[in-house]
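Quantities reported herein were computed from a predicted structural model and do not represent experimental measurements.
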Amino acid sequence: MGYIHCCGGLRKTQSFTLIPNKEFVVCELDYLKKCPICGNTVVQLTRISKDENISTVRYHNKNALAFLKKMKPKILYENKYIDYSKTKKGNFYLNYNEYGIKKRCYSNLSNLKIGLNSTI
């Protein structure tokens with residue numbers, strides 16, 4: 001998921017990878033359907049050349065929709081990112097402390113001395 005700077009903040013967008021030209025290595029298209037503040041539709045094309053120069057082209061509202069329609073045949077795929085905060089997590093719990101003794105109380109974490117080099 002890409003971001004476009006609009007109305008003083010970064011807005012999440014749909015991000016597409018395009019077929020690069022001869023001069024460019026990477027071409028990406030970001031599409032913001034509607035800005036939550038100003039209500040504009042924004043399309044931004046970002047390209048990186050072989051000399052690592054970055055160029056951007058940005059359109060708003062009607063021009064943005066016309067540009068998106070023009071670029072649709074050149075789209076390879078949509079970049080979809082996984083939200084790792086919503087993925088399933090494991091439920092493994094180790095019932096032994098750092099000395100190999102079975103824990104008796106789960107909430108008594110103050111007695112653990114992990115990483116301490118004390119000679120008592």
Could you go through the side chain to side chain contact (heavy atoms under 4.5 Å, CB included) check for F67 and L29 one step at a time? CA-CA 10 Å; F67 184 71; L29 182 78; 3.9 Å; yes

Which atom of R11 lies closest to which atom of C35, heavy atoms considered: NE-SG, 4.0 Å

What's the shortest heavy-atom distance between C27 and P20, and which atoms? SG-CA, 3.8 Å

Residue pairs passing the ring-ring contact (aromatic ring centres under 6.0 Å, His included) test where at least one lies in residues 8-43, sequence neighbours excluded: none

Check residues 41-57 and write down every donor-acceptor pair under 3.5 Å in which the side-chain atom is one partner and the other belongs to a residue at least two apart or another chain.
{"residue": "T41", "atom": "OG1", "partner": "K33", "partner atom": "O", "Å": "2.9"}
{"residue": "Q44", "atom": "OE1", "partner": "R58", "partner atom": "NH1", "Å": "3.2"}
{"residue": "R47", "atom": "NE", "partner": "S55", "partner atom": "OG", "Å": "3.4"}
{"residue": "S49", "atom": "OG", "partner": "D51", "partner atom": "N", "Å": "3.4"}
{"residue": "S49", "atom": "OG", "partner": "N53", "partner atom": "N", "Å": "3.2"}
{"residue": "S49", "atom": "OG", "partner": "N53", "partner atom": "O", "Å": "3.4"}
{"residue": "K50", "atom": "NZ", "partner": "K22", "partner atom": "O", "Å": "3.2"}

Interatomic distance, L32 atom CG to I4 atom CD1 [nearest 0.5 angstrom]: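 Here the rounded value is 5.5 Å.
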
Just distance, no hydrogens or angles: give the donor-acceptor pairs under 3.5 Å from side chains in residues 71-78, sequence neighbours left out.
none

